[in-house]
Amino acid sequence: MDRKAQTMTSAVGSNRSSRIAGFHKKSPRERLDLVAAFAGLDAGQVAHLANMGNLDPVLADKLIENVIGTMNIPVGIATNMKIDGEDVLIPMATEESSVVAAVCNAAKQNYDAGFSTSVSGNLMIAQVQAVDVRDPSAARLRILERREEIKAACDACDPVLLSLGGGFRDLEVRLLDTPTGTMVVTHLIVDTRDAMGANAVNTMAEKLAPSIAAWSGGRVYLRILSNLADRRLARAHAVWKTADIGGPEVRDGIVSAYQFAAADPYRAATHNKGIMNGISAVVLATGNDTRAVEAGAHAYAARSGRYTSLTTYEVNKDGDLSAAIELPLAVGLIGGATKVHPTARACLAILGVTTAERLARIIAAVGLAQNFSALKALATTGIQKGHMALHAQNIAMMAGAVGEEIDRVARILVERASVRMDVASRVLEEVRGS
Ligand SMILES: CC(C)(COP(=O)([O-])OP(=O)([O-])OC[C@H]1O[C@@H](n2cnc3c(N)ncnc32)[C@H](O)[C@@H]1OP(=O)([O-])[O-])[C@@H](O)C(=O)NCCC(=O)NCCSC(=O)C[C@@](C)(O)CC(=O)[O-]
Ligand SMILES: NC(=O)C1=CN([C@@H]2O[C@H](COP(=O)(O)OP(=O)(O)OC[C@H]3O[C@@H](n4cnc5c(N)ncnc54)[C@H](OP(=O)(O)O)[C@@H]3O)[C@@H](O)[C@H]2O)C=CC1
């Protein structure tokens with residue numbers, strides 16, 4: 001630890017308080033020194049955090065608050081994907097081994113036919129919550145009658161969006177029964193074009209709130225978008241020929257795995273987690289909001305009142321495996337980090353997308369490919385064989401292997417069919433002693 005950090009340890013160490021006034025006004029390096037003193041980080045850890053890699057420290061410090069470093073996640077490329085007849089290389093940012101390989105593997109097995117995709121639109125929903133409304137049913141109609149006024153107010157909020165062909169599209173007013181009375185919830189439905197649109201629709205909701213309070217005769221609390229973006233669905237469909245995936249037993253095993261997920265929320269959560277392995281990786285690589293997409297996906301999976309699979313698998317008339325996915329995908333090419341993060345910009349350039357709609361379609365196809373590979377592995381050899389073979393390198397590194405030792409230890413773990421930390425430690429000793 002350097003002298004400055006040591007001084008801080010003595011100053012802060014005696015009083016390890018997390019109450020640090022004005023932390024946000026310091027520079028990343030000043031904050032890092034304070035944190036190092038608080039947590040007793042060694043010089044190596046401090047130097048590691050201070051190295052922001054390929055993200056400009058000035059930009060990092062503007063993207064979020066109280067920055068002290070960056071967390072680098074590998075970006076891998078999924079190959080073999082053909083989407084709507086076009087070959088695409090897919091950048092995926094993930095920390096999990098075998099995720100990228102799984103997409104490559106699925107896409108290789110239906111490369112000739114590829115994936116066909118569609119979307120339901122680019123529409124986002126903003127909600128305005130009114131409470132203490134004496135006559136909710138009549139209030140609903142009073143708001144619906146103001147449609148043109150509401151449209152004009154929304155469109156006036158965002159002339160840029162309007163000039164790009166976006167803006168207000170529709171109005172819904174829902175009555176919700178709650179323990180404290182009937183709430184009147186207004187939905188502003190807005191085409192946000194190539195933006196995810198959170199800020200655009202939130203601005204509209206806040207602008208309209210006083211009018212909605214007046215028209216409803218109640219009080220307005222929340223004014224915020226809904227992440228259940230069910231008017232912005234992305235869909236992908238693919239057929240894997242039975243002969244190309246190992247025969248009818250493999251096909252039927254995959255269908256059965258899907259039916260298990262469709263019937264059981266315990267299995268559906270894992271099934272959908274596998275889908276999100278692919279989806280979140282592309283969402284993150286392109287600088288989009290992973291939490292927004294995750295929330296939308298899981299809410300959509302539970303839309304019937306019972307949590308279920310986001311994909312479906314059937315045997316088609318030719319006896320082949322026909323698979324589909326449908327989920328909300330509110331992603332953009334502008335806004336958030338998409339336009340300012342250089343890695344996101346480069347990933348969007350690799351994808352060659354020029355519209356948010358195309359990006360959503362690609363992401364849906366990746367989710368389906370990811371799910372196909374996981375189900376195929378689970379219904380045949382089991383997940384360990386492929387996944388753990390790739391994960392063996394992580395286990396080798398955790399056991400302390402460095403440089404060429406990593407591949408050697410990983411290979412031996414796979415050969416011995418025992419991808420475990422204790423075994424890796426022993427193998428590492430053997431490798432070092434040989
Ligand atoms: C791991 C594989 C792909 C091996 O599969 P394999 O059949 O042994 O692979 P292969 O050596 O025959 O190669 C086939 C193709 O796979 C790709 N491939 C093969 N290896 C690599 C690699 N190292 N790097 C990149 N791509 C790779 C590549 O495209 C290759 O073609 P080629 O390029 O050789 O012409 C397969 O077992 C698999 O797809 N497994 C599924 C893995 C998976 O789903 N991982 C996610 C993590 S587990 C999880 O979180 C989700 C889960 C499982 O719980 C979800 C659920 O329960 O539903
Ligand atoms: N619950 C949630 O999910 C929430 C998410 N967020 C965050 O909001 C961010 C996304 O907000 P978003 O509104 O998309 O981003 P921005 O507000 O940053 O960008 C959208 C704006 O960009 C302008 N624009 C320029 N070109 C285009 C184009 N081709 N298509 C559409 N708009 C264009 C528009 O008008 P103009 O120039 O007038 O701005 C538009 O309103 C993410 O960081 C997300 O994490 C925020 C709150 C809640």
Side-chain angles (χ1 to χ4, degrees), residues 63-64 76-81 92 94-109 111 122 124-127 157-167 190-205 224-229 245-246 254 257-258 260-261 267-278 281 283 287-296 309-311 330-341 354-357 369-393 414:
L63 276 176
I64 66 161
I77 293 291
T79 53
N80 310 333
M81 291 288 285
M92 301 177 69
T94 180
E95 86 301 342
E96 189 173 5
S97 46
S98 86
V99 162
V100 177
V103 174
C104 303
N105 191 25
K108 182 184 175 185
Q109 292 168 73
Y111 174 72
N122 286 323
M124 295 299 286
I125 300 169
Q127 298 189 294
C157 286
D158 206 329
V160 173
L161 194 58
L162 202 65
S163 72
L164 295 166
V190 180
D191 185 335
T192 60
R193 308 308 288 176
D194 291 320
M196 181 262 198
N199 295 313
V201 301
N202 291 345
T203 306
M204 295 174 188
I224 188 79
L225 90 159
S226 169
N227 286 112
L228 177 49
I245 61 172
I254 294 173
Y258 150 65
F260 182 10
R267 173 56 206 153
T270 322
H271 178 99
N272 290 343
K273 184 275 183 188
I275 292 170
M276 300 316 285
N277 277 342
V283 171
N288 275 287
D289 184 335
T290 51
R291 291 83 53 212
V293 170
E294 294 270 353
S309 167
L310 287 165
T311 52
V331 289
L333 305 181
I334 190 144
T338 54
K339 198 75 178 170
V340 292
H341 196 300
T354 53
T355 62
E357 176 185 317
Q370 189 78 53
N371 184 232
F372 167 86
S373 274
L375 296 193
K376 184 179 173 193
L378 289 166
T380 55
T381 54
I383 200 70
Q384 298 297 79
K385 183 168 177 282
H387 173 68
M388 289 308 273
L390 295 174
H391 188 55
Q393 299 201 349
V414 173

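Numbering of ligands and ligand atoms starts at 1, following listing order.
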Would you check the N or O atoms of Ala198, main chain and side chain alike, for any that come under 3.5 Å of an N or O of ligand 2?
-> yes

Pair Glu96-Lys273, salt bridge (Lys or Arg N to Asp or Glu O under 4.0 Å): steps then yes or no = CA-CA 12 Å; Glu96 189 173 5; Lys273 184 275 183 188; 2.9 Å; yes

A student comparing Asp158, Leu161, Leu63 should find that the heavy atom closest to atom 35 (O) of ligand 2 comes from Asp158

Contacts of type ring-ring contact (aromatic ring centres under 6.0 Å, His included), residue His387, not counting sequence neighbours = His391

Going by heavy-atom distance to atom 14 (O) of ligand 2, choose the closest among Gly197, Gly335, Gly332.
-> Gly197

Which protein non-hydrogen atom lies closest to atom 13 (O) of ligand 2, naming both residue and atom, and how far is it?
-> Asn199 N, 2.9 Å

Taking heavy atoms and a distance under 4.0 Å, where does Asn227 meet ligand 2: side chain, backbone, both or neither?
-> side chain

Heavy-atom distances under 4.0 Å are what count here, so tell me which part of Asp194 touches ligand 2: side chain, backbone, both or neither.
-> both

Any nitrogen or oxygen of Val160, main chain or side chain, under 3.5 Å from a nitrogen or oxygen of ligand 2?
-> no

From the options Val201, Asn199, Val190, select the one residue that forms a side-chain contact (heavy atoms from CB on, under 4.5 Å) with Leu225.
-> Val201

Here the pair of heavy atoms bringing Val293 nearest to Ala330 is CG2-O, 4.0 Å

State whether any protein heavy atom lies less than 4.0 Å from atom 20 (C) of ligand 2.
-> yes

Is the closest heavy atom of Gly166 to ligand 2 under 4.0 Å?
-> no

Answer yes or no: is there a donor N or O on one side and an acceptor on the other, between the side chain of Thr192 and the main chain of Ala195, under 3.5 Å?
-> yes

Taking atom types as modelled, is there a side-chain donor on Thr311 or Asn371 under 3.5 Å from an acceptor on the other?
-> yes

Say whether Asn202, considering both its backbone and side-chain N or O atoms, lies within less than 3.5 Å of an N or O atom on ligand 2.
-> no

Is there side-chain contact between Val340 and Leu63, with at least one heavy-atom pair below 4.5 Å?
-> yes

Spatial distance of atom CG (Leu310) from atom CD1 (Ile275) [nearest 0.5 Å] = 5.0 Å

Are there any protein N or O atoms under 3.5 Å from the N or O atoms of ligand 1? List them with distances, or say none.
from	atom 1	to	atom 2	distance (Å)
ligand 1	16 (O)	Asn105	OD1	3.3
ligand 1	29 (O)	Asn80	ND2	3.3
ligand 1	31 (O)	Lys108	NZ	3.3
ligand 1	35 (O)	Lys108	NZ	3.1
ligand 1	39 (O)	Asn105	ND2	3.2
ligand 1	45 (N)	Ser98	OG	2.7
ligand 1	50 (O)	Glu96	OE2	3.1
ligand 1	50 (O)	Lys273	NZ	2.7
ligand 1	50 (O)	Asn277	ND2	3.1
ligand 1	57 (O)	Arg267	NH1	2.9
ligand 1	57 (O)	Arg267	NH2	3.3
ligand 1	58 (O)	Arg267	NH2	2.7

